[in-house]
K.L.:
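Structure incoming, see below.
Values in this document were obtained by computation on a predicted structure and should not be read as measured data.
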Amino acid sequence: MTALLPDFYARDVLDVARELIGCCVEFNGAAGIIVETEAYHEREPACHAYIGLTPRTRTLFGPPGRAYVYRSYGIHALLNAVCEPTGVGAAVLIRALEPEVGLEAMRERRWRSRGMPKRRPSDSELCSGPGKLTEALGIGLELNGTDLSAGAVRILSMAERRPSSILSGPRVGITKAVNLPWRFWIGDNPYVSRPRTATAAIVPSSS
DNA sequence: CATGGGATTGACT
DNA sequence: GTCAATCCCATGC
């Protein structure tokens with residue numbers, strides 16, 4: 001269980017999105033296994049980097065292996081891993097985690113969140129969405145640009161726990177480039193954000 | 001400087 | 001199924 005290094009991220013964002021499934025996100029004593037991701041790339045209009053280099057997209061065009069954290073709908077912080085070489089705007093959105101460590105702290109943060117769920121969130125409600133997992137872990141905008149290899153938020157490879165099969169399909173919640181099958185998730189995993197029809201199944205090679 | 005649109009979520013009809 | 005909450009920042013005047 002070691003932190004993924006920048007070279008891992010400095011590749012095709014689709015490969016990174018697939019391979020991040022099964023890895024572990026850790027922050028502030030809490031951790032979870034990535035069960036759902038989405039890829040974004042500057043050449044397609046759903047990506048923030050599509051419009052080019054602006055103050056907002058600065059992190060996306062920066063070095064690979066950094067966290068791109070931005071505010072969504074004025075409310076939620078969404079966590080991405082910057083990919084591809086410096087100068088290329090691309091990132092993987094972390095959309096859901098299977099909670100592993102610090103469940104009670106996650107529950108506490110989700111319990112007293114804005115929007116305040118009426119009942120205590122169950123385990124499968126803690127991190128089953130991109131806004132939920134940042135809230136559960138306590139990840140905020142101040143972590144934008146930080147190093148995912150050696151910073152406060154880390155992503156660790158989990159060699160002993162590679163998923164057997166991964167499904168792919170269209171990304172969630174976007175209005176542009178809606179047909180690209182750039183969402184990846186573990187089929188039948190109860191911690192995925194929303195059940196959806198897959199358009200393809202990926203069986204990882206044994207290598 | 002004013003406006004408008006989200007890579008969402010939880011509550012409610 | 002519908003809807004509001006709420007803020008960063010791109011765009012346009």
K.L.:
Quick check, does A:Tyr40 stack with B:dA7? I mean ring centres under 5.5 Å and planes off by under 30°.
P.N.:
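It does: the ring sits over the base of B:dA7.
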K.L.:
If I take atom CD1 in residue A:Ile139 and atom C1' in nucleotide B:dA7, what distance separates them, rounded to the nearest angstrom?
P.N.:
16 Å
K.L.:
For the pair made of CD1 in A:Ile75 and C1' in B:dA11, what is the distance, rounded to whole Å?
P.N.:
12 Å
K.L.:
Tell me whether A:Val13 shares a hydrophobic cluster with A:Ile34, the cluster being built from Ile, Leu, Val, Met, Phe, Trp, Tyr side chains joined at under 4.5 Å.
P.N.:
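Yes; tracing contacts between hydrophobic side chains, which count when under 4.5 Å, links both residues.
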K.L.:
Go through A:Leu126 and A:Tyr191 one step at a time and tell me if the side chain to side chain contact (heavy atoms under 4.5 Å, CB included) criterion holds.
P.N.:
CA-CA 9 Å; A:Leu126 291 175; A:Tyr191 301 95; over 6 Å; no
K.L.:
Rounded to the nearest Å, what distance is computed from the CG atom of residue A:Asn144 to the P atom of nucleotide C:dC7?
P.N.:
18 Å
K.L.:
Tell me if the side-chain of A:Tyr70 makes a donor-acceptor pair with the base of B:dA7, cut-off 3.5 Å, by modelled atom types.
P.N.:
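Yes.
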K.L.:
Given that both distances must come in under 3.5 Å, which nucleotide forms a Watson-Crick or G-U wobble pair with B:dA7?
P.N.:
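No nucleotide pairs with B:dA7.
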K.L.:
With nearest nucleotides of DNA chain B determined for A:Lys132 and A:Leu93 from heavy-atom distances, which residue corresponds to the more 5′ nucleotide?
P.N.:
A:Leu93
K.L.:
Using atom C1' in both nucleotides, what's the gap between C:dC8 and B:dG10 to the nearest angstrom?
P.N.:
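Between the two C1' atoms, the distance is 22 Å.
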K.L.:
Using the 3.5 Å cut-off, write out each protein N or O paired with an N or O of nucleotides 8-10 of chain C and the distance between them.
P.N.:
from, atom 1, to, atom 2, distance (Å)
C:dA10, OP1, A:Thr54, OG1, 2.7
C:dA10, OP1, A:Arg56, N, 3.2

K.L.:
Given the P atoms of C:dA4 and B:dG4, what is the spacing between them in whole Å?
P.N.:
16 Å
K.L.:
The side chain of A:Pro130 is closest to which nucleotide in this list: B:dA7, B:dT9, C:dA5?
P.N.:
B:dT9
K.L.:
Looking across every strand, which nucleic acid part, if any, lies under 4.0 Å from A:Ile174 by heavy atom: base, sugar-phosphate, or nothing?
P.N.:
sugar-phosphate
K.L.:
OP1 or OP2 of B:dT8 sitting under 4.0 Å from any side-chain N/O of A:Arg194?
P.N.:
no
K.L.:
Tell me whether the OP1 or OP2 atom of B:dT8 has a side-chain N or O from A:Arg95 closer than 4.0 Å.
P.N.:
yes
K.L.:
Between A:Ile94 (CD1) and B:dA7 (P), how many Å, whole number?
P.N.:
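Rounded to whole Å, this separation is 17 Å.
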K.L.:
Please give, in whole Å, the distance from B:dA7 P to A:His48 NE2?
P.N.:
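From A:His48 NE2 to B:dA7 P: 5 Å.
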K.L.:
Side chain of A:Glu38, backbone of A:Val172: donor and acceptor closer than 3.5 Å?
P.N.:
yes
K.L.:
Any strand counts, and the cut-off is 3.5 Å on both contacts for Watson-Crick or G-U wobble. Which nucleotide pairs with C:dT6?
P.N.:
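Paired with C:dT6, as far as the under-3.5 Å criterion goes, is no nucleotide at all.
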K.L.:
Determine, for A:Glu26 against A:Arg154, whether the closest basic-nitrogen to carboxylate-oxygen distance falls under 4.0 angstrom.
P.N.:
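The answer is yes: the pair qualifies as a salt bridge.
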K.L.:
Please determine whether a side-chain nitrogen of the Lys or Arg among A:Glu125 and A:Lys132 lies less than 4.0 Å from a carboxylate oxygen of the Asp or Glu.
P.N.:
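Salt bridge flag = no for A:Lys132 with A:Glu125.
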K.L.:
Starting at atom CH2 of A:Trp185, determine the distance to atom C1' of B:dA7, rounded to an integer number of angstrom.
P.N.:
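My rounded result for the distance is 16 Å.
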K.L.:
Rounded at 0.5 Å granularity, tell me how far CG in A:Leu60 sits from OH in A:Tyr40.
P.N.:
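It is 11.5 Å, given to the nearest 0.5 Å.
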K.L.:
Kindly say whether, by distance alone, the side chain of A:His76 makes a donor-acceptor pair under 3.5 Å with the base of B:dA7?
P.N.:
no
K.L.:
First locate atom CZ of A:Arg58, then atom CG of A:Leu53, and finally report the distance between them rounded to the nearest 0.5 Å.
P.N.:
8.5 Å
K.L.:
Starting at OH of A:Tyr68 and ending at P of B:dA7, how long is that distance when rounded to a whole Å?
P.N.:
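Nearest whole value for this atom pair: 9 Å.
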K.L.:
Can you tell me how far P of B:dA11 sits from CZ of A:Arg110, to the nearest Å?
P.N.:
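To the nearest whole Å, that distance equals 10 Å.
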K.L.:
What is the distance from atom NE2 of A:His48 to atom CZ of A:Arg56, rounded to the nearest 0.5 Å?
P.N.:
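Rounded to the nearest 0.5 Å, the NE2-CZ separation comes to 4.0 Å.
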